[in-house]
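See structure below.
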Amino acid sequence: QVHLVESGGGLVQAGGSLRLSCAASGRTSSTYAMGWFRQAPGQGREFVAGINWSGGSTDYADSVKGRFTISRDNAKNTVYLQMNSLKPEDTAVYYCAARSHNIVVVTAQAYNYWGQGTQVTVSS
């Protein structure tokens, strides 16, 4: 089993920045690609960014390209999401996810493990 814990969420003004962290523990050797998803009230869970094991392959939702950056430190079993130029529409609960294959995909159902989520609120 893999346990994921997100941190770094909070309240920020539009145009500000936050960095989310996702710490993995347990059988981390069984996880490869990692992803960040978000879910706003009344909406479905949407893909934000993903990264493979080496960090050499990343993918982003069009809505965050150029503003968000995903990275990972495998020595620390941690994945990060640097969020800059935040907008009110970025307000959501952000979830970290891991999958047992080393290919980044945008489909939530392809991920095996999930964190509990961290709230990000961007005020206008």
Side-chain angles (χ1 to χ4, degrees):
Q1 189 69 8
V2 176
H3 188 51
L4 303 175
V5 179
E6 301 97 335
S7 61
L11 173 64
V12 64
Q13 289 188 331
S17 299
L18 283 174
R19 188 176 83 155
L20 305 183
S21 299
C22 172
S25 60
R27 293 187 61 187
T28 56
S29 60
S30 66
T31 62
Y32 297 95
M34 303 284 292
W36 285 97
F37 289 75
R38 66 187 181 186
Q39 187 167 16
Q43 298 187 21
R45 193 166 295 190
E46 67 168 343
F47 174 81
V48 175
I51 188 168
N52 72 342
W53 173 255
S54 68
S57 176
T58 59
D59 194 13
Y60 296 91
D62 287 342
S63 59
V64 307
K65 281 181 181 176
R67 300 188 299 122
F68 291 10
T69 302
I70 189 171
S71 61
R72 66 190 297 165
D73 184 339
N74 291 334
K76 296 181 179 179
N77 291 321
T78 301
V79 175
Y80 305 97
L81 184 68
Q82 178 66 45
M83 305 186 296
N84 298 328
S85 302
L86 283 162
K87 305 175 181 180
E89 51 263 44
D90 293 319
T91 295
V93 177
Y94 283 70
Y95 297 91
C96 173
R99 65 188 308 250
S100 300
H101 299 277
N102 196 27
I103 298 175
V104 176
V105 297
V106 303
T107 307
Q109 292 86 339
Y111 289 78
N112 308 95
Y113 307 101
W114 291 85
Q116 82 290 347
T118 185
Q119 177 70 47
V120 171
T121 303
V122 184
S123 63
S124 58

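On a predicted model such as this, the values are computed, not experimentally measured, just so you know.
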Self-check item: side chain to side chain contact (heavy atoms under 4.5 Å, CB included) evaluation trace for Gln119 with Thr91
Solution: CA-CA 8 Å; Gln119 177 70 47; Thr91 295; 4.0 Å; yes
Practice problem: Please round to the nearest 0.5 Å and tell me the distance separating atom CZ of Arg45 and atom OG1 of Thr107. | Solution: 13.5 Å
Practice problem: Starting at CG of Asn102, measure out to OG of Ser54 and round the result to the nearest 0.5 Å. | Solution: 6.5 Å
Practice problem: Sort out for me which residue in Val64, Val48, Thr118 forms a side chain to side chain contact (heavy atoms under 4.5 Å, CB included) with Leu81. | Solution: Val48
Exercise. First locate atom CG of Asn74, then atom CE of Met34, and finally report the distance between them rounded to the nearest 0.5 Å.
Key: 9.0 Å
Self-check item: Side-chain ion pair, Asp90 and Lys87, N-O less than 4.0 Å
Solution: no
Quiz item: Can you name the nearest heavy-atom pair linking Pro88 to Ala14, along with the distance?
Solution: CD-CB, 4.1 Å
Practice problem: Test side chain to side chain contact (heavy atoms under 4.5 Å, CB included) on Tyr80 and Thr69 and set out the steps. | Solution: CA-CA 8 Å; Tyr80 305 97; Thr69 302; over 6 Å; no
Self-check item: side chain to side chain contact (heavy atoms under 4.5 Å, CB included) between Arg67 and Met83, worked out
Solution: CA-CA 6 Å; Arg67 300 188 299 122; Met83 305 186 296; over 6 Å; no
Practice problem: Any chance you could measure Cys22, atom SG, to Glu6, atom CD, to the nearest 0.5 Å? | Solution: 5.5 Å
Practice problem: Working to the nearest 0.5 Å, report the span between CG of Leu20 and CZ of Phe68. | Solution: 8.0 Å
Quiz item: Is there a donor-acceptor pair closer than 3.5 Å between any side-chain N or O of Gln82 and the backbone N or O of Arg19?
Solution: no
Exercise. Check for a donor-acceptor pair, side chain of Arg72 on one end and backbone N or O of Asn52 on the other, with a separation under 3.5 Å.
Key: yes
Quiz prompt | Hydrophobic cluster (4.5 angstrom, side-chain heavy atoms) - remaining members for Tyr111 | solution = Phe37, Phe47, Val93, Tyr95, Ile103, Val104, Val105, Val106, Trp114
Quiz prompt | Verdict with reasoning, Lys76 to Ser21, per side chain to side chain contact (heavy atoms under 4.5 Å, CB included) | solution = CA-CA 11 Å; Lys76 296 181 179 179; Ser21 299; over 6 Å; no
Quiz item: Tell me, do Ile51 and Tyr60 make a side-chain contact under 4.5 Å, heavy atoms counted?
Solution: no
Quiz prompt | SG-CH2 distance between Cys96 and Trp36, expressed to the nearest 0.5 angstrom | solution = 5.0 Å
Quiz prompt | Minimum heavy-atom distance Ala92-Arg38, with the two atoms named | solution = CB-CB, 3.8 Å
